[in-house]
Amino acid sequence: MTTHPLPRPRRMLSVVLLASLTWMTSSCSSPESSSSTPPSTTMNENTHGHQHGGHGHQHGDHHGTDQPSGQRYVCPMHPEVTSDQPGACPKCGMTLQPSGQPATGGATYQMHFMATPAQPVAGQPVTLSFQPQAAGGDHAAVPLATVHEQKVHLMILSQDLSEYYHIHPTFQPSGRYELPFTFKTGGTYLLYQDYQPEGGGHQLGRQTLQVSGPTRPAVTYTKDQLRWEANGYAADLAFDKTVRAGQPLAVSVTVSRGGKPVTDLDQYLGALGHMVILSEDGADYLHVHPEDQADKGPRIGFHTTFDKPGRYRVFLQFQHAGVVQTSDFTVNVGPAVA
């Protein structure tokens, strides 16, 4: 496994079409209700083909608002997730929104992508350029909201999911978001852009990019890898129950340094940690942010749900002593219990 220190530019999950093709999805983890009758949460069968975990933290308290009878709530990132009470999505933790107020306002979006030069070559710099657009219109630029301190969160992964980069293109006078980048080897790379139009819901753009030049042997993952060690740090991934598809899971990562718990983690992009989960084929993407907690480690808590069985790669970034660490794990998800 190769991980790399991230550039410190400056902020979940879409990207498996060719570079000229983009699309968007939405997604979200559900807190327990304080009510004596638990809320009903439904995940419909007509789900989108790609997941995108939300940027909302999990919030369990809702104050001072009377809810109309019969109101339904929907996750802005996973529209197949609905509930009869306010709460958070069991997939990504985003706050559910009243179904009568669509998060996107009825609009759909696409991310236009281009590379300069058009054919990237390993070892040579390339400019990656993105422009969010309203789909089906004049493709005018779409103003973006700042989410976790950034307007576009770009994830770049090698096709074998052994290389992972979380970086942030910067806005240019041309109206595009651009980033210089150098691919170390040739091969196929997956690009995911996590963004939110102003007044809209979270979106995920995805492209596949072919880079010419010498390739390297693909890395394969088979067994669970729940412990990461590098740079004097260790991180241990754990779940509150057997990992199966379709069930809400409490996820924790415990960070140590030199064998001692780290209790003074830095805030990184407005949170103690950022987790990205990808299915082995790169089709399912989930960007998850931690639950609210008063301490600064060593445990970072998350909630998520795997939609289907299979092998997944999990990447967690945290910051300590001013340096961002990128940890990686492998999880085999069993089939749902009938």
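Everything quoted here is computed from the prediction, not taken from an experiment.
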Would you say that [X] contacts [Y] through its side chain, given a criterion of any heavy-atom pair below 4.5 Å between the two side chains?
X: Val152; Y: Asp194; value: no
X: Tyr165; Y: Leu157; value: no
X: Leu249; Y: Lys241; value: yes
X: Met111; Y: Tyr195; value: yes
X: Val314; Y: Met275; value: yes
X: Asp284; Y: Leu278; value: no
X: Val255; Y: Phe318; value: yes
X: Thr304; Y: Ile277; value: yes

Measuring from [X]:[atom1] to [Y]:[atom2], what's the distance to the nearest 0.5 Å?
X: Arg244; Y: Asn332; atom1: CZ; atom2: CG; result: 12.5 Å
X: Gln293; Y: Glu291; atom1: CD; atom2: CD; result: 6.0 Å
X: Trp228; Y: Leu237; atom1: CH2; atom2: CG; result: 13.0 Å
X: Lys296; Y: Leu272; atom1: NZ; atom2: CG; result: 8.5 Å
X: Asp266; Y: Gln325; atom1: CG; atom2: CD; result: 10.5 Å
X: Phe239; Y: Ser252; atom1: CZ; atom2: OG; result: 8.5 Å

Of all heavy-atom pairs between [X] and [Y], which one has the smallest distance, and what is that distance?
X: His148; Y: Leu269; answer: ND1-O, 2.8 Å
X: Ala245; Y: Pro309; answer: CB-N, 3.6 Å
X: Leu128; Y: Ala115; answer: CD2-CB, 4.3 Å
X: Ala134; Y: Tyr109; answer: CA-CD2, 4.1 Å
X: Gly186; Y: Ala122; answer: N-CB, 3.5 Å
X: Ser129; Y: Glu178; answer: OG-OE2, 3.2 Å

Any sub-3.5 Å donor-acceptor pair from [X]'s side-chain atoms to [Y]'s backbone N or O?
X: Asp236; Y: Arg227; result: no
X: Gln203; Y: Gly201; result: yes
X: Arg313; Y: Phe329; result: yes
X: Ser256; Y: Lys260; result: no
X: Ser212; Y: Pro120; result: yes
X: Asp295; Y: Gly297; result: yes

Do [X] and [Y] have side-chain N/O donor and acceptor atoms under 3.5 Å apart?
X: Thr188; Y: Gln210; answer: yes
X: Gln172; Y: Thr170; answer: yes
X: Gln193; Y: Gln207; answer: yes
X: Gln196; Y: His202; answer: yes

_Verify same cluster id: Phe113, Phe171 (apolar side-chain graph, 4.5 Å)_ =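 Both belong to a single hydrophobic cluster.
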*List the steps, then state whether side chain to side chain contact (heavy atoms under 4.5 Å, CB included) holds for Tyr221 with Ser162.*
CA-CA 9 Å; Tyr221 302 92; Ser162 68; 3.2 Å; yes
*Evaluate the criterion side chain to side chain contact (heavy atoms under 4.5 Å, CB included) for residue pair Val126 and Thr182; output intermediate values, then yes/no.*
CA-CA 6 Å; Val126 60; Thr182 300; over 6 Å; no
*asked:* So, applying side chain to side chain contact (heavy atoms under 4.5 Å, CB included) with Met155, which one of Val276, Leu190, Ile167 is it?
replied: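 Checked Val276, Leu190, Ile167 against Met155; only one passes side chain to side chain contact (heavy atoms under 4.5 Å, CB included): Val276.
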*When the aromatic ring centroids of His274 and Tyr268 are compared, is their separation below 6.0 Å?*
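For His274 and Tyr268, the ring centres are under 6.0 Å apart.
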*I would like to know whether Lys308 and Val333 meet side chain to side chain contact (heavy atoms under 4.5 Å, CB included); could you show each step before the answer?*
CA-CA 8 Å; Lys308 61 186 182 183; Val333 177; over 6 Å; no
*Evaluate the criterion side chain to side chain contact (heavy atoms under 4.5 Å, CB included) for residue pair Leu209 and Phe183; output intermediate values, then yes/no.*
CA-CA 11 Å; Leu209 181 63; Phe183 294 92; 3.8 Å; yes
_Determine whether Asp160 and Arg216 satisfy the following criterion, salt bridge (charged side-chain N to carboxylate O under 4.0 Å, His left out), listing intermediate values before the conclusion._
CA-CA 11 Å; Asp160 63 1; Arg216 56 167 175 76; 2.9 Å; yes
*Only counting residues at least two apart or in another chain, list the ones meeting salt bridge (Lys or Arg N to Asp or Glu O under 4.0 Å) with Arg311.*
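So Arg311 forms a salt bridge (Lys or Arg N to Asp or Glu O under 4.0 Å) with Glu280.
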_side-chain hydrogen bond (donor to acceptor under 3.5 Å, both in side chains) partners for Thr185, two or more places apart_ =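 Thr185: side-chain hydrogen bond (donor to acceptor under 3.5 Å, both in side chains) contacts with Tyr189.
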*Could you give me the CA-CA distance, side-chain angles and deciding distance for Phe130 and Tyr177, then say whether ring pair (Phe, Tyr, Trp, His ring centres under 6.0 Å) is met?*
CA-CA 5 Å; Phe130 305 88; Tyr177 293 82; 8.8 Å; no
